[in-house]
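Notes to accompany the following structure.
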Amino acid sequence: MNQIRSPKGVQIRSPRGVRDILPAETARWRRFEEDFSACCKQAGYGELRSPMFEELEVFLRLGEETEVVSKEMYDFLDKDGRHMALRPEMTASAARAFIQHSPVLPWKIYYYGPQFRSERPQAGRYRQFSQAGIEVFGVSDPYLDVEVIALGWQFLGSLGLKQLTLQVNSLGDTASRNNYSEQLGRYLAQRAGELSEASQETAQVNPLRVLDSKRDQDQAVIAGAPSCLDFLEVSAAAHFEAVCNGLEKLRIPYQVNPRLVRGLDYYTHTAFEYVSQALKSAQNALGGGGHYDGLVEALGGKPVPGVGFALGVDRIFLACDSEQVFISEQSPVEIFVVDIVGGGEALSLTQQLREAGISCDRAWESRSLKAQMKIADRSGAKFALIIGSNEQAANVVALKDLRSGEVPQEDIPRDEIVLALKDRLAMEISN
Ligand code: HAM
């Protein structure tokens with residue numbers, strides 16, 4: 001490996017478009033993952049952990065004309081010269097795993113983890129971001145589409161988010177979709193002069209992708225485009241009607257948006273997005289998904305249908321901040337040990353408490369009682385255990401309630417401290 005040097009005096013920072021999540025924030029990331037996992041398990045989904053990189057081939061099946069594949073892939077040759085890519089999403093990896101392991105149908109899985117897309121960074125759009133999602137393989141039942149949509153809706157609601165809408169659409173089966181794409185292509189060709197240059201190019205290769213453009217210049221043409229719902233074959237229309245009926249049965253409010261095509265090419269039938277009104281339109285999709293009939297086959301498997309969604313965790317937290325819900329709360333330690341006789345007492349006491357399952361911390365560098373008590377207060381701990389020379393001589397520790405200045409300090413024999421603390425902490429929980 002070549003030696004890499006950074007120029008002297010230049011501060012090394014994280015790469016553009018990626019971020020550190022610091023301890024004040026990670027608490028809610030962990031809570032989110034645990035809550036999402038519980039929500040999925042409750043509905044019979046098992047967790048899939050797939051690799052963060054795959055052979056590039058896997059992702060090419062997402063559609064070579066999609067920006068995710070053509071412009072945003074972090075691909076590289078490995079040391080054996082194989083073409084690999086960091087995963088930009090999970091559905092393709094899940095389909096690859098499904099083919100590789102031939103599980104019993106239906107295969108209901110959920111996942112959580114980082115994805116990588118080399119996009120232009122902006123608020124809510126990062127080059128490494130996290131998704132939490134589910135996929136079901138092997139069933140083509142419109143009510144399964146509803147179950148999937150409902151799970152995401154229920155989960156977002158459980159975070160406390162209120163300013164949410166659900167948008168749904170149907171792209172129909174392959175025949176309906178191709179027919180619509182052809183008609184749309186004709187319409188876009190007629191109005192090509194009004195489109196942005198980028199969309200003019202896209203229209204030539206994949207007209208549906210133009211509907212996904214966020215560029216202002218394209219919006220009037222998009223608004224006047226024919227609706228894909230007018231091109232649904234009979235069975236595709238029945239599938240969509242059943243999905244809408246199912247949502248009504250569950251009293252989930254939704255808006256039909258015939259321009260919703262999503263950024264990936266594998267969808268047939270249902271497509272949907274959870275949209276936040278609390279965020280600007282460039283980043284207001286908190287998650288999305290849909291039904292896909294051809295992906296497993298395109299990856300070399302049998303023609304097995306799938307349906308799923310992915311939620312964008314980073315963006316969901318922006319919406320939570322804006323709505324002031326699901327805020328990050330760090331869990332402080334329960335006990336803070338203050339040792340003013342050299343630090344060795346705190347060393348053994350913290351070890352003893354941690355072995356007994358009691359969370360605790362301490363101060364360092366033999367600081368004064370006043371300085372250590374200040375750190376103890378700042379730590380958020382409920383109680384301080386203080387050991388000075390008197391306590392050391394009497395083989396006791398002084399227990400002080402840090403939240404109330406009025407409760408007098410109490411001496412507890414050194415060998416009773418674990419039991420005494422457990423009682424105290426249990427009382428706190430039952431109060
Ligand atoms: P997607 O719409 O590309 O769908 O991504 C899902 C969500 O991930 C988006 O709604 C957004 O919240 C978040 N997201 C996407 N790109 C970024 C980014 N650069 N920075 C921050 N957040 C981002 C999929 O990935 C499909 N695999 C969903 C699916 C599952 N369809 C069927 N099954």
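Computed from a predicted model, the values in this text were never measured in an experiment. All values below come from the heavy atoms of this structure, side chains included, with hydrogens, waters and symmetry mates left out. Atoms within a ligand are numbered from 1 in the order they appear, just like the ligands themselves.
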Under 3.5 Å, is there a donor-acceptor pair linking the side chains of [X] and [Y]?
X: Glu89; Y: Thr91; answer: yes
X: Glu47; Y: Ser37; answer: no
X: Gln163; Y: Ser276; answer: no

Quiz item: cation-pi between Arg367 and Trp364, 6.0 Å / 45°
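That pair does not qualify as a cation-pi contact.
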
Protein residues near ligand 1, heavy-atom distance below 4.0 Å?
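Ligand 1 pocket, heavy atoms under 4.0 Å: Glu89, Thr91, Tyr111, Arg117, Glu119, Gly124, Arg125, Tyr126, Phe129, Gln131, Glu135, Arg262, Leu264, Tyr266, Tyr267, Ala285, Leu286, Gly287, Gly288, Gly289, Gly290, Tyr292, Gly308, Phe309, Ala310, Gly312, Arg315.
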
What residue among Gln131, Arg117, Glu67 forms side chain to side chain contact (heavy atoms under 4.5 Å, CB included) with Pro88?
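The option that passes is Arg117.
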
Less than 3.5 Å apart, which donor and acceptor atoms pair up between the side chains of residues 297-313 and the rest of the protein, not counting sequence neighbours?
none

